[in-house]
Protein chains: 2
Amino acid sequence: MADPDRFVPRVPGIRYGVLDELAGYAVRRAQIRMYELFAESLEQWGITPQRFSAMTIVSLNPGLKLTELARIMGIARSGVVALVDVLEGMGYMERQAVPGDARAFSLVLTPKGQTDLVEITRAVKNADGLATRGLNSEDVAVLRAMLLRISDAPSDA
Amino acid sequence: MADPDRFVPRVPGIRYGVLDELAGYAVRRAQIRMYELFAESLEQWGITPQRFSAMTIVSLNPGLKLTELARIMGIARSGVVALVDVLEGMGYMERQAVPGDARAFSLVLTPKGQTDLVEITRAVKNADGLATRGLNSEDVAVLRAMLLRISDAPSDA
DNA sequence: TATTGTTATACTCTATAACTATA
DNA sequence: TATAGTTATAGAGTATAACAATA
């Protein structure tokens, strides 16, 4: 096999110039490759990284409203509607009526969602391990800490 | 201002579970934030990160064919056609006939493209610096090296 | 036959804006 | 008035597949 079609981050003979000095381009290249590895592992489940994130967050924080999930995931409310529609269609998530507020819905995983999430999580961990196979666990911890710093970077000085 | 609408990577009171242990989720969160910072810096130019990458690569490797650029950037040929159409429409890039091959085109930047790329690169470096402000230059070098390892991760054992 | 660029089409992910029903 | 969810629409960005011209 040898992954004939996977992304090649550095093509021999090509000059990348400033791209090689940018943290942003390094993050982008890593993200492309990780998405490929995750997609391979999750293909059989019909689960994308985004769907996995939503399932995990709802599983651990049952009762979230759609607006809250949108804020947590950093996407628009309309995007969450589509995402929840898909997961509901898969039998993994449910909208439940909120007693005090007829406008809102509480999100919960179905029993099937909870059950399958265990195996899906195993597949995700496997993909993450493949991606970081070139790093030891201490390196990965350092990497995550540095990336979190970037995630928290403010716009202004 | 204080960035009222920017992505919040960790919402207080929310449990993230395994997401906090995954390198992949950390990369994704960092990528979202970096994209926001790049988009802010490049907004005035009508340039996206992808367009910047294409301009930089063509600038340093003039004469690339569309198929080659597609491979280098890791996207489909049809995507490169649309990308080159946009940059050509902006007056930044040109298709040039290839003497020996009537099917192909050589890509080059226009003089305007070369000139503006200097300032655009400055804006990109500024955005990258903002994103990595919480890290010193040694940290950033380590970060880039680790991310490159991930970019190169094979699928099989 | 194979390759290059192109077009057509579709799907995902994102956004904004307008709508409805409730609060 | 404001909020929660929804719908409509649009724009990137990606993909596959088919095509014409050329190799």
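Each chain gets a letter, A, B and so on, in the order its sequence line appears, and its residues count up from 1.
- At least one test fails for B:R28 against the ring of B:F7: distance under 6.0 Å to the centre or angle within 45° of the axis.
- At a non-hydrogen distance threshold of 4.0 Å, nothing from residues 46-58 of chain B comes into contact with DNA chain C.
- Each of A:L64 and A:I32 was assigned the nucleotide of DNA chain D with the nearest heavy atom; the assignment lying further toward the 5' end belongs to A:L64.
- If you take CZ of A:F105 and C1' of D:dT3, they are 14 Å apart, rounded to a whole angstrom.
- Between B:Y35 and C:dA15 there is no side-chain N or O to OP1 or OP2 distance below 4.0 Å.
- If you take CD of B:E36 and C1' of C:dA15, they are 13 Å apart, rounded to a whole angstrom.
- Within the structure, salt bridge (Lys or Arg N to Asp or Glu O under 4.0 Å) contacts touching residues 138-148 of chain B (residues at least two apart or in different chains) do not occur.
- Sorted pairs that involve residues 51-70 of chain B and meet salt bridge (Lys or Arg N to Asp or Glu O under 4.0 Å), not counting sequence neighbours, are lacking altogether.
- Non-hydrogen atoms lying under 4.0 Å from DNA chain D are contributed by A:R95, A:R103, A:A104, all within residues 85-104 of chain A.
- Rounded to an integer number of Å, the gap from A:F7 CZ to D:dG13 C1' is 14 Å.
- Rounded to whole Å, atom P of C:dT12 lies 14 Å from atom CD1 of A:I75.
- Here the closest heavy-atom approach between residue A:G63 and residue A:S106 is recorded as O-OG, 3.4 Å.
- Rounded to the nearest 0.5 Å, atoms NZ (A:K125) and CG (A:L130) are 14.5 Å apart.
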Distances for protein N/O vs nucleotides 16-19 of chain D N/O pairs under 3.5 angstrom?
from	atom 1	to	atom 2	distance (Å)
D:dT16	O4	B:S78	OG	2.8

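- Nearest heavy-atom pair, A:A123 versus A:L42, reported as atom, atom and distance to 0.1 Å: CB-CD2, 4.2 Å.
- In this structure, CG in A:L37 is found 7.0 Å from CE in A:M34, a value given to the nearest 0.5 Å.
- Side-chain N/O atoms of A:R15 and B:T56 include no donor and acceptor closer than 3.5 Å.
- Taking atom CZ on A:R71 and atom C1' on D:dA4, their separation rounds to 16 Å, with Å as the unit.
- Looking at B:Y25 and B:D20, their side chains never bring a donor and an acceptor atom within 3.5 Å of each other.
- Separating the CZ atom of B:R28 from the P atom of C:dC13 is a distance of 9 Å, rounded to the nearest angstrom.
- Residues meeting the side-chain hydrogen bond (donor to acceptor under 3.5 Å, both in side chains) test with B:S59, sequence neighbours left out: B:Q114.
- Relative to the six-membered ring of B:Y16, B:R29 meets both conditions, a distance below 6.0 Å and an angle of at most 45° to the axis.
- Per the geometry, CD belonging to A:E68 stands 13 Å off C1' belonging to D:dG5, to the nearest Å.
- In this entry the distance linking NZ of B:K65 with P of C:dT6 reads 13 Å, nearest Å.
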